[in-house]
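All of these numbers come straight from a predicted model, not from anything done at the bench. Counting begins at 1 with the first residue of the sequence.
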Amino acid sequence: MHDDSKTEPRISVCMAAYNGSLHIEEQISSILSELGPQDELVIVDDCSTDRTIELIAGMVDRRIRLVRTSRNMGYVKTFERALQEARGEYVFLSDQDDIWIPGRVQLMLGALEEVALVVSNCKHIEGIPGRFQSIRLREKDSTHTFRNAFGILVGYRLHWGCAMAFRRSLLAQVLPFPTYMKESHDQWIAMAGIANRSVRYLETDTILHRLHGQNLTPKGIRGFRQIFAARVAFLRNWVTATRRARGAALALDRSPIAS
């Protein structure tokens with residue numbers, strides 16, 4: 001399925017898969033149609049018990065790199081593993097059951113010429129959108145660093161991971177994920193971009209995002225302790241993201257090229 005080439009891919013698409021047999025073929029097809037011959041689609045399967053592995057294996061394409069975990073790790077760790085496997089200069093996140101809208105790669109790469117992270121909007125399908133799904137990004141808010149970070153903290157600035165792409169330089173700050181993080185890896189990545197003051201929001205829908213019981217956020221009303229714990233985690237993420245951003249800037253200042 002994968003031909004080890006000496007040519008490094010320009011784009012790495014990172015997908016976490018688990019029991020995704022219903023839609024994963026359609027999603028993979030929509031992704032591959034957007035990629036060049038040297039790009040890669042990294043799929044980390046988290047011990048699926050359905051036909052997910054079989055269906056992926058049946059899609060013979062050298063751009064697909066399938067990695068199988070030895071135990072079920074959960075979606076956050078699975079996405080982290082996929083990012084660790086990425087080799088491209090530009091990294092896209094992907095869910096297993098959405099559909100990429102044609103032209104999204106070119107649109108997002110154009111935005112990445114000037115910033116480290118780009119996030120678009122999504123068109124939600126096959127479900128009833130709730131309050132979180134109704135939140136949309138506005139391009140004019142892209143440079144509002146502290147307002148955007150605060151928006152993640154209180155829940156009015158939502159960044160969908162499936163609608164993200166970023167430069168490899170940001171990946172070095174994103175990884176490893178904070179050890180205490182159990183959810184919302186996409187908001188963590190968004191904070192990394194925001195901490196670097198290098199984000200652009202695209203108001204265009206670039207993804208058809210399926211809504212179903214496994215990805216509706218939140219899945220019902222959370223209790224006070226859950227809400228408080230999530231907000232504390234977001235606050236810790238912001239502190240960690242700003243510290244890593246400062247460390248990266250300091251290292252750049254000290255490099256021979258900078259001097």
Is there a side-chain contact between L107 and T204, using heavy atoms and a 4.5 Å cut-off?
yes
- prompt: Is N19 reaching over with its side chain to a backbone N or O of D50, donor-acceptor style, under 3.5 angstrom?
  reply: yes
Interatomic distance, CD@Q84 vs NZ@K77, rounded to 0.5 Å, equals 8.0 Å
In one Ile/Leu/Val/Met/Phe/Trp/Tyr side-chain cluster, 4.5 Å: L171, F177 = yes
Tightest non-hydrogen contact, residues M73 and T69, listed as CE-CG2, 3.3 Å
Original post:
Are T145 and F150 side-chain neighbours, meaning at least one heavy-atom pair lies under 4.5 Å?
Top reply: no
- Message: Quick one: does any side-chain atom of N121 pair with a main-chain N or O of L137 as donor and acceptor, under 3.5 Å?
- Response: yes
Exercise for the section: Measure from the side-chain N and O atoms of E34 to the backbone N and O of P102, and report whether any donor-acceptor pair falls under 3.5 Å. Expected result: no
Which label fits W160 and H209: parallel for a plane angle under 30°, tilted from 30 to 60°, or perpendicular past 60°?
tilted
Which is it for Y90 and R168 under the side chain to side chain contact (heavy atoms under 4.5 Å, CB included) test, yes or no, and what are the steps along the way?
-> CA-CA 6 Å; Y90 301 99; R168 187 168 192 84; over 6 Å; no
Between D98 and L208, the two heavy atoms sitting closest are CB-O, 3.2 Å
Does R136 reach the main-chain N or O of E203 with its side chain, forming a donor-acceptor pair under 3.5 Å?
yes
*Check: G74 main-chain N/O paired with D46 side-chain donor or acceptor under 3.5 Å*: yes
Item to complete: Answer whether the closest heavy-atom distance between the side chains of C122 and H124 falls below 4.5 Å.
Response: yes
* Does L32 belong to the same Ile/Leu/Val/Met/Phe/Trp/Tyr cluster as I43, with side-chain heavy atoms less than 4.5 Å apart forming each link? -> yes
Output for pair (I152 CD1, I194 CD1), nearest 0.5 Å, gives 4.0 Å
Here the pair of heavy atoms bringing Q173 nearest to N196 is OE1-ND2, 2.8 Å
Q. What about the rings of W100 and F92, do their centers lie closer together than 6.0 Å?
A. yes
When rounded to the nearest 0.5 Å, the distance separating CZ of R231 from CG of L153 is 6.5 Å
Exercise: do S30 and Q27 side chains pair donor with acceptor under 3.5 Å:
yes
Heavy-atom distance under 4.5 Å between the side chains of N237 and P178, does that happen here? yes
V118 vs V199, test: side chain to side chain contact (heavy atoms under 4.5 Å, CB included). Steps then yes/no. CA-CA 6 Å; V118 59; V199 179; over 6 Å; no
Joint hydrophobic cluster, V76 plus F79, side-chain heavy atoms closer than 4.5 Å: yes
task: Test R65 against E40 for salt bridge (charged side-chain N to carboxylate O under 4.0 Å, His left out), laying out the working first.
output: CA-CA 7 Å; R65 294 177 55 209; E40 65 176 1; 2.9 Å; yes
Discussion item. So does G20 get a backbone contact from the side chain of T52, meaning a donor-acceptor N/O pair under 3.5 Å?
Written reply: yes
For atom CZ of R197, is the number of surrounding heavy atoms from other residues, nucleotides or ligands below 6.0 Å larger than 12?
no
Rounded to the nearest 0.5 Å, the CD1 atom of I189 sits from the CG atom of L170 at a distance of 8.0 Å
Here the pair of heavy atoms bringing D205 nearest to I101 is O-CD1, 3.5 Å
Using side-chain heavy atoms (C-beta onward) and a distance below 4.5 Å, is L211 in contact with I125?
no
Cation-aromatic face contact R236/Y180, 6.0 Å, 45 degrees
yes
CZ of R104 to OG of S120, rounded to nearest 0.5 Å, is 5.5 Å
Discussion item. Is the shortest side-chain heavy-atom distance between F234 and W188 below 4.5 Å?
Written reply: no
CG of D45 to CD1 of I53, rounded to nearest 0.5 Å, is 3.5 Å
Determine whether more than 12 heavy atoms belonging to other residues, nucleotides or ligands lie under 6.0 Å from atom OH of Y156.
yes
Just by distance, do the side chain of S12 and the backbone of A86 share a donor-acceptor pair under 3.5 Å?
no
Note to self: Please say yes or no: joined through hydrophobic side-chain contacts below 4.5 Å, possibly via intermediate residues, are L109 and V91 part of one cluster?
What the structure shows: no
Item checked: Worked check of side chain to side chain contact (heavy atoms under 4.5 Å, CB included) between E139 and R200 -> CA-CA 7 Å; E139 187 163 357; R200 182 177 173 188; 2.9 Å; yes
Practice item. I would like to know whether R210 and E126 meet salt bridge (charged side-chain N to carboxylate O under 4.0 Å, His left out); could you show each step before the answer? Key: CA-CA 6 Å; R210 283 190 171 93; E126 298 186 12; 3.2 Å; yes
Quiz item: Going through the checks in order, is the side chain to side chain contact (heavy atoms under 4.5 Å, CB included) test met by K123 and T206?
Solution: CA-CA 8 Å; K123 181 177 181 181; T206 69; over 6 Å; no
Given side chain to side chain donor-acceptor pair (under 3.5 Å), test Y201 with H159 step by step and report yes or no. CA-CA 9 Å; Y201 298 146; H159 304 74; 2.8 Å; yes
- Query: Would a 4.5 Å heavy-atom cut-off, applied to side chains only, mark R81 and V67 as touching?
  - Reply: yes
Correct closest heavy-atom pair for M164 and V119 would be CG-CG2, 4.0 Å
Let me check something: do L112 and V13 share a hydrophobic cluster, defined by ILVMFWY side-chain heavy atoms less than 4.5 Å apart, either directly or through other members? yes
Side chain proximity check, P37 to R63, heavy atoms < 4.5 angstrom: no
Correct closest heavy-atom pair for A82 and C14 would be O-SG, 3.4 Å
Short side-chain to backbone donor-acceptor contact, N148 and H144, under 3.5 Å: yes
Item to complete: Classify the angle between the aromatic ring planes of W238 and F146 as parallel (below 30°), tilted (30 to 60°) or perpendicular (above 60°).
Response: perpendicular
